[in-house]
There are 2 protein chains.
Amino acid sequence: MPDRKIKKNSRIQQRNRYRILDAALDVFSAHGYRGATLDQIAIAAGLSKPNILYYFSNKEQVHLTLLNQLMETWLDPLVDMNEDGDPMAEILAYVQRKLDMARELPRESRLFANEILQGAPRMKPHLTADLKPLFDQKCTVIQEWCNAGKIAPVNPQHLIFSIWSTTQHYADFAAQIDVLVRPKIEDADTHLRALFFNILKTS
Amino acid sequence: MPDRKIKKNSRIQQRNRYRILDAALDVFSAHGYRGATLDQIAIAAGLSKPNILYYFSNKEQVHLTLLNQLMETWLDPLVDMNEDGDPMAEILAYVQRKLDMARELPRESRLFANEILQGAPRMKPHLTADLKPLFDQKCTVIQEWCNAGKIAPVNPQHLIFSIWSTTQHYADFAAQIDVLVRPKIEDADTHLRALFFNILKTS
DNA sequence: TCCTAGCTTTACCATTTGGTCAAAAAGTGA
DNA sequence: TCACTTTTTGACCAAATGGTAAAGCTAGGA
């Protein structure tokens, strides 16, 4: 029988791969790639270490799978920024989506931050292939909005960096924020909307 | 002889402790605490591993020494924000100092970011003891500036978070920025000045 | 009921890692 | 030069880590 049947979709496969990736997300986002161990992941997943290696060929594959999955959803908010919409509304909605994402997927944000902080050794190809073209395209759109006078003149690259940094900060630096402010922060939305509204408004 | 002479200041001691801390800053900032090894640090310092442990009792002590040193300089820019000065000028000057710092001390910024990202296990006491009081005090100052109408109403906590995140982003996410923009960024200053000017200006 | 493919575990291995120790080497003052 | 202190090193260790191999278990179809 030349074609071997690989059942990646059996119920057990699906459930266990999901468990492993969920556990790995916990561990990698908390300790970085080199700081995370297969034993930690195994314990968090409720499986044995060799069992992890039955589903993934090695530690790096687990990490890579997570990064690949992440890349898919990570770019969505920016993709959805529509060049035909109202510029101010589009940018502010993008800020809101990024902020929501930081709140709903803080582990993913920290996984990404860890990877970039450490020089993006496993992610650089993705950045070049996926993020860079999208980034360039959206920079062009913003530049055109500026040129048309629909928003105040602004450097598109730095604008996007500011949006990324301010929104992701609430996930990535949560440990610091927890120390500094007692009750949970909920009014970041208002602040960031004002921050970016004020630099973009024409008048 | 009851009092033992500990020569921490011999020329050799000074030189080697400096070399070790400089090498450790390289390694810790690039891999995080758990991802860094004493061997890497030893090689980067041009010393042997046991020699490292002659100067520092263990790996954690090297890391802690770095964090303590860092904490001293890290707060300076905020300390220097003078409540008797012109509010707008003071805040914009603070932004500029933070940005300069991210450019001049990117390894320190990444060391800090790594530590916070991973839950600040060794830094939380410092944050509570040193950063928090300063943060609260400066938030009060900014709030008073708002109340006096000297700057536009703004949430001081979020304003500071925005300043931290946008400035440090250029150090912490340098690997990503390198992929996205060809020539080196020098006009971040202009962008950030405008960003924070526009949300703070009255009228 | 038995067979088989798929799943799990136990035992194990080589390498890496933080750390120790005693001896050797290099300074240093008289 | 000699005696003494400080610094450096090579050999070593126990624990942790990524990974392997083979045997054992389990579910489900014939």
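First the proteins, then the strands, lettered A, B, ... as listed; each starts at 1.
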### Task
Summarise protein proximity over nucleotides 21-30 of chain D in one line of letters, 5' to 3': B for base, S for sugar-phosphate only, - for none, counting protein heavy atoms closer than 4.0 Å.
B---------
### Query
Considering only heavy atoms, which members of residues 31-39 of chain A lie under 4.0 Å from some atom of DNA chain D?
A:Ala36, A:Thr37, A:Leu38
### Query
Who pairs with B:Asp80 by salt bridge (Lys or Arg N to Asp or Glu O under 4.0 Å), at least two apart in sequence or on another chain?
none
#### Entry: With sequence neighbours excluded, residues passing side-chain hydrogen bond (donor to acceptor under 3.5 Å, both in side chains) with A:Thr37
A:Gln40
### Message
Applying ring-ring contact (aromatic ring centres under 6.0 Å, His included) as the test, list every pair that has at least one member in residues 66-85 of chain B; sequence neighbours left out.
### Response
B:Trp74-B:Phe112
### Partners meeting side chain to side chain contact (heavy atoms under 4.5 Å, CB included) with B:Ser48 (sequence neighbours left out)
B:Pro50, B:Asn51
## Note on the structure
So the salt bridge (charged side-chain N to carboxylate O under 4.0 Å, His left out) pairs with at least one residue in residues 85-97 of chain A (sequence neighbours excluded) are none
### Task
Look at A:Asn51 and C:dT9 and indicate whether a side-chain polar atom (N or O) is within less than 4.0 Å of OP1 or OP2.
yes
### Task
Please list, by residue number, the residues of residues 18-29 of chain B whose heavy atoms come closer than 4.0 Å to an atom of DNA chain D; answer none if no residue qualifies.
none
### Query
Would you say A:Asn16 reaches C:dT8's phosphate, i.e. side-chain N/O to OP1/OP2 under 4.0 Å?
yes
### Query
With no angle test and no hydrogens, is the base of D:dG18 tied to the side chain of A:Lys49 by a donor-acceptor pair under 3.5 Å?
yes
#### Entry: Within residues 20-50 of chain B or reaching into it, pairs that qualify as ring-ring contact (aromatic ring centres under 6.0 Å, His included) - sequence neighbours excluded
B:Phe28-B:Tyr33, B:Phe28-B:His63, B:Tyr33-B:His63
### Query
Tell me the salt bridge (charged side-chain N to carboxylate O under 4.0 Å, His left out) pairs involving residues 18-35 of chain A, sequence neighbours left out?
A:Asp22-A:Arg107, A:Asp26-A:Arg107
### Query
Does anything in residues 123-147 of chain A pair up under salt bridge (charged side-chain N to carboxylate O under 4.0 Å, His left out), and if so which pairs, sequence neighbours excluded?
A:Lys132-A:Asp136
#### Entry: Which residues share a salt bridge (Lys or Arg N to Asp or Glu O under 4.0 Å) with A:Lys49, sequence neighbours left out
A:Asp39
